[in-house]
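The structure appears below as structure tokens.
Letters A, B, ... are given to chains in the order of the sequence lines, protein chains preceding strands, and every chain is numbered from 1. Model, not experiment: these values are computed from the prediction.
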Amino acid sequence: MPLNPFFLHGSPDEQRLVQSLIDEHLQMFGQEIHYIPRKLITTDDVLGEVQSSKFNDNFAMEAYLNNYEGYAKGSDIMTKFGINLQNELTLTISRERYEDLIAPFIFNSTNLQGAEDGDVVFSTRPKEGDLIWFPLGERLFEIKHVEFENPFYQLGKNYIYELQCELFRLEDEIIDTNIPAIDERLSEEGYITTVTVAGIGSTSTAVVDGFALTGALQEVFVNDDGYGYTSAPIVTVSRSPAGVTSALGAVVAFTTSIGNLQAVDFVAIGNPGFAYTEPPSFTFGGPGAGAAATASLTNSGITSIRITQPGFNYASPPTITIQHPSEVGIGTTGAVVGIKTGQVQATARGVLQGDVLKNILILNAGSGYEGTPTVTISGPLNAGVGTYFGNERVVGSISGTEGYVKKWDLTNRKLQISINTGAFLPGEFITGTASSARYQVFSYSDTDTAPYADDYFSNDEIEAEADDLLDFSETNPFGTF
Amino acid sequence: MLGTYFYHEVLRKTVVAFGTLFNDIHIQHEDRQGGVISDTKVPLAYGPRSKFLAKIRQQQELAKAVAITLPRMSFEMTGLEYDSSRKTSVTRTFKAVDDGDNVKKVFLPVPYNVRFELNILCKLNEDALQIVEQILPFFQPSFNVTIDLIDSIGEKRDIPVVLENISFTDEYEGDFSTRRVLTYTLNFTAKTYLFGPIAESTDGLIRKVQIDYYADTDRQTAKREMRYTVTPDPSNADPEDDFGFNEVTEMFGDAKTYSPTRQQDV
């Protein structure tokens with residue numbers, strides 16, 4: 001036996017006493033921190049990185065503020081990437097308190113390789129990469145090194161962990177601690193997108209102003225959709241034999257695109273004109289070329305639709321339904337004549353300005369109208385119900401896009417969402433998976449438009465200025481903004 | 001000597017045009033089943049800025065909860081140099097029409113190369129690779145953007161943006177007191193043109209050409225006898241229009257001659 005058996009280097013009782021004294025000291029002079037363990041979602045074993053993590057547990061415990069030299073002058077740095085805070089601190093926690101109060105609750109798998117979604121790698125000691133919520137200044141620190149041998153084996157044992165921490169660099173980690181002070185503070189951090197949800201809207205109304213003018217345009221047929229129409233061309237209609245301005249037909253072209261090809265989609269009628277003895281000719285302006293169209297004429301179609309109430313809160317043009325000629329009452333009696341040969345129901349399309357119905361264009365003026373049909377316009381978006389919870393997952397009904405709620409502002413109808421899987425589409429419903437709150441999307445912005453947004457996010461401003469001076473006659477290969 | 005005020009914002013426009021190439025880049029993270037769990041538009045900003053403005057805008061609350069949000073991209077203009085390979089004659093001018101009918105006289109622009117640096121700061125190497133891979137294929141080694149450099153004369157120029165080199169640092173070695181910093185730096189050159197002052201030309205648009213013919217070479221005594229006049233058809237045609245000409249030939253026997261100052265026959 002190499003050591004003298006009559007001298008002990010610390011008995012279990014002595015070690016127990018020292019540990020108790022340290023614990024008591026920490027509880028008297030420490031700070032109440034929250035230990036937030038990292039759970040792994042995805043790891044890249046080739047590049048050796050954890051790509052996605054979540055932090056949805058927390059454990060309150062005492063920690064002694066050992067060193068705050070990392071708060072010294074010069075810890076806020078101006079970089080190429082904006083302001084980078086480099087505060088650091090060193091905390092001392094009790095080894096026993098960690099092993100008794102935290103480790104048993106976060107025990108899961110024991111190695112990175114076998115870890116499943118949301119698993120903790122191991123729990124026997126504090127880990128680098130875990131987070132500490134530090135109450136002074138309400139800051140989130142990441143443990144970068146755990147020192148376990150300082151002081152060095154007093155009475156043959158170590159009693160504390162020294163956690164060297166630095167301010168957390170946030171990316172798309174899910175941090176949902178259920179502690180309001182923490183979650184509220186972090187609701188303003190990260191890259192946040194904004195969904196404006198629909199409010200209470202008003203349905204548009206319209207009436208047919210006139211019908212049955214002789215030689216009016218009934219429908220315009222696009223024979224050749226042309227190419228290169230990056231914007232809607234101006235279409236000129238040949239003169240009417242009547243010679244007056246109101247007799248001249250007016251049409252509006254709409255374009256469509258597939259990939260990099262832009263062409264005329266359809267041509268709608270703004271004014272069907274009258275007194276045409278044969279279908280007029282159409283001349284398409286720039287920027288494209290090659291489009292051509294013909295038209296049919298009618299003597300008994302509708303000629304004008306007037307909006308009486310523009311309504312509001314429309315995210316997309318509403319559906320416009322015009323009565324079938326056979327359903328229209330005639331004269332003072334209002335008796336319905338019924339179905340006759342050659343009757344064609346008129347169709348129309350609405351044009352929005354913002355969220356308001358600005359104009360109704362005729363797609364087919366119809367035929368066989370002997371009286372004034374009624375116009376029915378579909379309603380605007382639904383107002384929605386419920387209150388979204390902070391940090392709950394929300395799902396778009398059409399896009400399938402998911403995200404986590406940062407803030408819900410019912411007054412301004414703004415839903416701040418982070419960690420999105422894509423873009424939310426106007427008109428779809430966003431449903432909270434926990435709250436079941438459900439609202440219809442009016443608009444979506446993927447730039448950081450929150451009031452507390454990071455000023456560093458200049459993508460939108462750059463795009464707005466570039467729109468005035470860049471000429472992407474074809475398309476922007478880096479994507480349309 | 002140089003004191004004619006002008007500012008075409010050519011360099012600013014070049015900065016904006018360069019920035020807009022990179023303002024819609026996304027990165028995605030996937031779960032183990034391959035489903036997308038986050039799609040982030042990478043923020044972009046012009047790096048240099050007023051320090052006080054950066055402070056009050058980015059750090060409204062002095063004690064921010066986190067250090068920084070990543071990933072980020074920043075770009076900045078790092079240099080300007082004359083490009084002698086694109087040099088043109090210094091005395092040559094060209095004429096352009098402004099929005100109205102006025103003719104402007106412009107000296108040929110001076111070719112300058114603007115150096116840009118695009119920096120990418122990421123938390124993960126995977127993020128940096130995603131960003132860089134979305135950029136590099138478009139530069140072989142240049143990518144052309146058409147910029148309306150001088151709006152008043154509609155001067156659009158193709159500006160090649162050349163990717164010069166790429167470097168990156170991944171500081172992962174050392175003790176655990178320092179954090180890993182992962183930065184990619186892409187250096188570009190935009191071959192732009194700088195224009196001098198644009199002068200009002202003393203010339204107007206030529207809308208009428210008139211030639212008088214004389215029967216004698218003695219201009220003191222000779223009177224014009226025939227006049228050939230050409231005007232565009234239509235008379236209000238713009239230079240870019242596809243227009244024709246009206247030609248008129250007149251014979252005179254009134255022993256008069258044309259006075260250019262009075263613009264009539266006297």
**Report entry** Part of A:L47 within contact of chain B (heavy atom distance under 4.5 Å)
**Finding:** side chain
Query raised in the report: Applying salt bridge (charged side-chain N to carboxylate O under 4.0 Å, His left out), which residue pairs with at least one partner in residues 73-90 of chain A are found, sequence neighbours left out?
Result: A:D76-B:K55, A:K80-B:E76, A:K80-B:E117, A:E88-A:K144
Query raised in the report: Quick one: what part of A:D44 sits under 4.5 Å from any heavy atom of chain B, side chain, backbone, both or neither?
Result: side chain
Query raised in the report: Can we call the ring centroids of A:Y191 and A:F457 under 6.0 Å apart?
Result: yes
Query raised in the report: Taking atom types as modelled and ignoring hydrogens, do the side chains of B:S38 and A:D172 form a donor-acceptor contact shorter than 3.5 angstrom?
Result: yes
Query - Contacting moiety of A:E147, where chain B heavy atoms sit under 4.5 Å - result: neither
Query - Residue A:L469 versus chain B: region with a heavy atom under 4.5 Å - result: both
Query raised in the report: Do B:N113 and B:R86 have side-chain N/O donor and acceptor atoms under 3.5 Å apart?
Result: yes
Query - salt_bridge(A:E173, B:K123) N-O dist < 4.0 Å - result: yes
Query raised in the report: Using a distance-only test with no angle check, is there a side-chain donor-acceptor pair under 3.5 angstrom linking A:D176 and A:N391?
Result: yes
Query - Residue B:L129 versus chain A: region with a heavy atom under 4.5 Å - result: side chain
Query raised in the report: Which bit of B:K13 comes within less than 4.5 Å of chain A, counting heavy atoms only: side chain, backbone, both or neither?
Result: both
Query raised in the report: Of the backbone (N, CA, C, O) and the side chain (C-beta and beyond), which part of A:E138 lies under 4.5 Å from a heavy atom of chain B, both, or neither?
Result: backbone
Report task. Using non-hydrogen atoms and a 4.5 Å limit, figure out which bit of B:P71 sits close to chain A: side chain, backbone, both or neither. Result -> both
